[in-house]
Amino acid sequence: MEKTGAAGLGFWRYLIASIVLVPFWIASRKPRIGRGDLLPISIIGIGQFGLLIAMLNVAVLLASSARVSLVFAALPLATLAFERMIFHMRISKAEMLAILLSLLGIAVLLGTDLYASATGPFELLGLLAALVATLTGAVCSGYLRPYVRRYGGVQVSLLAMLASLVPLSAFAALEPQGLSTGGSTYATVLLVVGIGLSSGAGFWCWLYALSHIPAGHVTAFLGLSPVTATLLSVAFKDESPKASVIAALGLVVAALLVLVFAKGTKSTR
């Protein structure tokens with residue numbers, strides 16, 4: 001991020017991901033997105049891929065990454081609450097149990113890092129940015145679902161990411177690095193390309209899941225992110241896994257199993 005800037009990295013990430021999705025869009029047999037849906041999907045895309053990422057970057061800069069992770073871990077709960085308010089979906093006891101188990105697992109993983117630093121004014125601003133990112137993710141996930149079911153994950157992903165390039169390019173222009181790649185090393189370029197390729201596949205999987213299961217269930221799988229990151233760090237650094245990592249993984253997996261087995265009784269509109 002130091003080489004490209006936060007907005008610049010986001011721009012190149014989504015541009016590469018969009019290019020990856022173009023052949024699949026051409027081959028898609030789903031009906032093309034209607035003119036009346038172009039603007040709503042674009043606005044949601046700017047929120048999902050622009051505002052959310054920007055707020056998370058601000059949050060990490062100003063606040064403890066542990067606290068930011070815990071706030072963002074509330075995304076599944078926020079998504080369920082949003083669906084309950086807007087779409088009148090019933091939240092089952094199994095769903096609530098799963099979300100609480102996931103939150104508890106992430107809290108166990110982060111442990112004492114949550115209390116390692118004092119909570120000053122900048123820390124509070126950072127946590128507020130994390131809260132905005134969480135609410136943005138919940139709203140966008142909820143509103144994207146009907147479009148994904150209608151047009152498919154590829155088309156919606158492509159349009160949403162292309163729409164996000166406009167604000168990201170504007171923010172990147174304000175960064176010292178800009179959008180220039182002249183000073184980038186070969187390793188940096190390869191890393192950015194790799195991030196873009198994985199983003200294209202990852203966001204398509206995300207939206208494909210949204211078209212088949214409730215948004216609250218999809219976002220619950222984000223609980224695996226900090227646990228997976230920690231496990232990869234342990235693996236590549238050849239360290240012994242801490243008891244907190246094992247306990248957190250157990251809680252998060254238990255939460256996901258609760259959701260899987262509760263699928264048969266999931267809420268309907």
Side-chain angles (χ1 to χ4, degrees), residues 14 30-31 33-34 36-56 59 68-103 106 128-164 167 199 202-225 255-256 258-260 262-269:
Y14 296 134
K30 287 281 187 178
I33 298 175
D37 292 331
L38 290 174
L39 182 59
I41 295 174
S42 297
I43 293 174
I44 296 171
I46 291 172
Q48 182 81 51
F49 301 114
L51 179 61
L52 187 152
I53 300 301
M55 288 296 99
L56 278 182
V68 171
S69 297
L70 188 58
V71 172
F72 194 66
L75 177 59
L77 187 59
T79 304
L80 287 174
F82 175 76
E83 288 185 321
R84 175 69 179 87
M85 289 186 297
I86 303 300
F87 301 120
H88 307 292
M89 295 182 69
R90 182 177 61 85
I91 301 175
S92 69
K93 293 180 180 179
E95 289 172 329
M96 285 302 302
L97 175 60
I99 300 305
L100 293 176
L101 283 173
S102 181
L103 283 171
I106 293 170
L128 178 61
L131 178 61
V132 172
T134 302
L135 296 177
T136 300
V139 172
C140 291
S141 296
Y143 277 128
L144 269 180
R145 192 181 179 211
Y147 294 114
V148 174
R149 297 182 73 174
R150 188 181 310 160
Y151 300 117
V154 171
Q155 291 193 87
V156 175
S157 296
L158 181 59
L159 176 57
M161 284 190 284
L162 287 175
S164 72
S199 295
F203 288 129
W204 178 84
C205 290
W206 172 272
L207 294 181
Y208 180 85
L210 279 177
S211 67
H212 288 78
I213 59 178
H217 290 200
V218 178
T219 53
F221 279 81
L222 288 177
L224 284 172
S225 297
L256 297 178
V258 169
L259 281 181
V260 169
K263 186 179 179 182
T265 59
K266 68 183 180 183
S267 305
T268 56
R269 296 182 190 179

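Keep in mind it's a predicted model, so treat the numbers as computed, not measured.
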At their closest point, which heavy atom of Ile46 faces which heavy atom of Pro167, and how far apart are they? CG2-CG, 3.9 Å
Distance col, row Leu56:CG vs Thr134:OG1, nearest 0.5 angstrom, shows 7.0 Å
With rounding to the nearest 0.5 angstrom, report the CG to CG distance, Leu135 to Leu75. 9.0 Å
Looking at every non-hydrogen atom in both residues, tell me the closest pair between Phe82 and Tyr143 and how far apart they are. CZ-CE1, 3.4 Å
Here the gap from Leu162 atom CG to Ile41 atom CD1, rounded to the nearest 0.5 Å, amounts to 12.0 Å
If you take all heavy atoms of Cys140 and Gly47, which pair is closest and at what distance? SG-C, 3.8 Å
Can you tell me how far CG of Leu38 sits from CD1 of Ile43, rounded to the nearest 0.5 angstrom? 11.0 Å
Could you give me the CA-CA distance, side-chain angles and deciding distance for Tyr151 and Asp37, then say whether side chain to side chain contact (heavy atoms under 4.5 Å, CB included) is met? CA-CA 10 Å; Tyr151 300 117; Asp37 292 331; 2.4 Å; yes
For Ser42 and Ala163, which heavy atoms make the closest approach, and how far apart are they? O-CB, 3.5 Å
Shortest non-hydrogen contact from Lys30 to Gln155? CB-NE2, 3.5 Å
d(Thr136 OG1, Leu131 CG) to nearest 0.5 Å is 9.0 Å
Minimal non-hydrogen separation, Met55 against Val132, with atom names: CG-CG1, 3.8 Å
Main chain of Ser164, side chain of Gln48: is a donor-acceptor contact present, judged purely on distance under 3.5 Å? no
